[in-house]
Student: 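Could you have a look at this structure, given as structure tokens, before my questions?
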Protein chains: 2
Amino acid sequence: MEPTARGLYRAKEFAAKAGVTVRTLHFYDRIGLLVPTAREANGYRLYSDADLERLEQILALAFVGFELDRIKRLLAGPPLPLEVALRLQRTIIAQEKHRLELALAAIDEAESSLARADESERWQAVAHVIKVFKMQNDYNWTENYYSPEGREKLAEMRRTTPHETVEAGERAWAELIAEVEAAAANGTEPASEAGRALAQRWCDLVRAFTQDDPDVSAGLNQLWSDQTHWPTGFKRPWSDAADAFITAAKAARG
Amino acid sequence: MEPTARGLYRAKEFAAKAGVTVRTLHFYDRIGLLVPTAREANGYRLYSDADLERLEQILALAFVGFELDRIKRLLAGPPLPLEVALRLQRTIIAQEKHRLELALAAIDEAESSLARADESERWQAVAHVIKVFKMQNDYNWTENYYSPEGREKLAEMRRTTPHETVEAGERAWAELIAEVEAAAANGTEPASEAGRALAQRWCDLVRAFTQDDPDVSAGLNQLWSDQTHWPTGFKRPWSDAADAFITAAKAARG
DNA sequence: GATAGGCCATGACGTAACGTCAAGGTCAAG
DNA sequence: CTTGACCTTGACGTTACGTCATGGCCTATC
């Protein structure tokens, strides 16, 4: 029948198995995200079951909103960043969801105000109502915690920091958080030598992230401590127990 | 001082007032969405307070997710489509929100399964968990109500129908819905002459939308009647009272 | 042996909503 | 006369592909 008997599939068949289009496969191949295991002599792509597994991982990560470029690096890198990446992605999704909730509420409000408005001011009515909701979060509630200078510096840092640095930082955070979680779980004293060492590393990482800028670190501190104003669904990337531990350990360092 | 004293602003000042960038103003100008009231002799853009009002309307509609091209037509067109457009947009946002909720739940599940998985199968664990959530809605829960043929035909229709037709349809729906709401509110008998006339128009519009295709209309009917499975936040673009009225009126027509 | 039809390939261009960069014009202050 | 702040337009980059267009490969059929 087909020349693709033992676990190898040509483009169309493979695409159908995975639920994507052939053009998507071409694209993933070109950007190096999913290169087919082999090619036939005539150049036809041949995909294996291992390729299918990788594609499913890709699609899973894409579903939770990762960019393809990010997915490529996640799949290539060491295993640790996965946890951290998922947690960070969670906060992004939670923010987007919050934005959509505001938009929904804004539409509902706009509809009823539209019913009350007379012909001439319909647009103003809608614009006004939505503007109110828009300003409620201004697209990015975290920014409210920073001073204008802090905001600018943060944006600047985000633009200029290369992603290797970002990922190294994420890895460092992941390791430290894991250790803090473990310490909190096994009853280590926050004020002990080990606890204070963890607190030291924590503060060092914060300083590395904020690049020692007071405007940025002030906003960051407020953001994390003002739990009552977080949007629904937003979480710290570490547990309450770990938070209590590290807070106590930092205090013990004085 | 500036040459822009009496209610006219140059690009930077105007952008600051409205909270957008100058480049955005350039872009809106080029696509004809917001053309400045005037130009100075040297070609500098001059914006008026009326421009600011329009820009605020644009930003409001953009906040609830309308595309710029759509916004342009909404602001140009007759007032009626605004209500309908808002209601339709609501369902889209509600769907997106639902998707994000699934993604959040998927991440939470993935995290805990990640804690249980050993090194070698971490990726499979995550991919598997997320795949489950992904399939729960398959990006588009409405499609579950259609047969494969119905889905294809719907997609085909969406590709080929020009937006003027779509908007004419929306206007027709808006008018009809408004009349049905009114009839339901003022106690008109569904079985009366007027009620059956409304039902007739309703069925005609459905036939126009489905283009008389049985696969499409079957799916559509199931979708609207299976209220218990709608995602949270999803609503009919008409009230329960109107729904009861039109159902009874259709029944009266036999 | 020619041809029709199905699958495959690559490459160019389009999408949405701008950001970024580049090259250059305008104008008031020093 | 230069500096610096502001303005202009145009070209290109971004994301994740879809949509042609063109042409090769291969098999079945006439």
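Both backbone and side-chain heavy atoms feed into the values below; hydrogens, waters and symmetry mates do not. These figures come from a predicted structure and were not determined experimentally. A, B, ... follow the sequence lines: proteins, then strands. Residue 1 opens every chain.
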Student: Treat primed atoms plus P, OP1 and OP2 as sugar-phosphate and everything else as base, then score nucleotides 8-14 of chain C 5' to 3': B for base contact with protein heavy atoms under 4.0 Å, S for sugar-phosphate contact only, - for none.
Tutor: SSBBB--

Student: Using side-chain heavy atoms (C-beta onward) and a distance below 4.5 Å, is L59(B) in contact with F63(B)?
Tutor: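 In short, these two side chains do not touch, never coming nearer than 4.5 Å.
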
Student: Whole-Å distance between dA17(C) P and D69(B) CG?
Tutor: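 The answer, rounded to whole Å, is 8 Å.
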
Student: Under 3.5 Å, side chain of Q89(B) to main-chain N/O of V64(B), donor-acceptor pair present?
Tutor: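 Checking the backbone N and O of V64(B) against the side chain of Q89(B), a donor-acceptor pair under 3.5 Å is found.
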
Student: Separation of L25(A) atom CG from dG18(D) atom P, in whole Å?
Tutor: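 Spelled out: CG on L25(A) to P on dG18(D) is 10 Å.
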
Student: Might you confirm whether atom NE2 of H26(B) has over 12 heavy atoms from other residues, nucleotides or ligands at distances under 6.0 Å?
Tutor: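 Above 12, so yes.
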
Student: Could you state the atom-to-atom distance from CZ of F27(A) to P of dT14(D) in whole Å?
Tutor: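 Going from F27(A) (CZ) to dT14(D) (P), I get 11 Å.
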
Student: Measuring to OP1 and OP2 of dG19(C), would you say a side-chain N or O of T24(B) lies under 4.0 angstrom away?
Tutor: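 Yes, such a contact exists.
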
Student: How close or far is atom C1' of dA16(C) from atom OH of Y28(B), stated in whole angstroms?
Tutor: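 Checked: the OH to C1' distance equals 11 Å.
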
Student: Rounded to whole angstrom units, what separation is found between the CD atom of E40(A) and the C1' atom of dC25(D)?
Tutor: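 In whole Å, dC25(D) C1' lies 10 Å from E40(A) CD.
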
Student: Please report the interatomic distance CZ(R54(B)) to CG(D51(B)), rounded to the nearest 0.5 Å.
Tutor: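 Reported value, rounded in 0.5 Å steps: 9.0 Å.
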
Student: Does the side chain of R45(B) reach to within under 4.5 Å of the side chain of R10(B), using non-hydrogen atoms?
Tutor: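 They are not in side-chain contact.
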
Student: dC17(D) C1' sits how many Å from L34(A) CG, rounded?
Tutor: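 L34(A) atom CG is separated from dC17(D) atom C1' by 15 Å.
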
Student: Are OP1 or OP2 of dC17(D) and a side-chain N or O of T21(A) less than 4.0 angstrom apart?
Tutor: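 Looking at the OP1 and OP2 atoms of dC17(D), neither is under 4.0 Å from any side-chain N or O of T21(A).
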
Student: For the pair made of OH in Y47(B) and P in dC7(D), what is the distance, rounded to whole Å?
Tutor: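 To the nearest whole Å, that distance equals 10 Å.
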
Student: With distance as the sole test, does K72(B) use its side chain to make a donor-acceptor pair with the main-chain N or O of I31(B) at under 3.5 Å?
Tutor: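 Present.
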
Student: If I take atom CG in residue L55(B) and atom C1' in nucleotide dC18(C), what distance separates them, rounded to the nearest angstrom?
Tutor: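 Value for this atom pair: 14 Å.
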
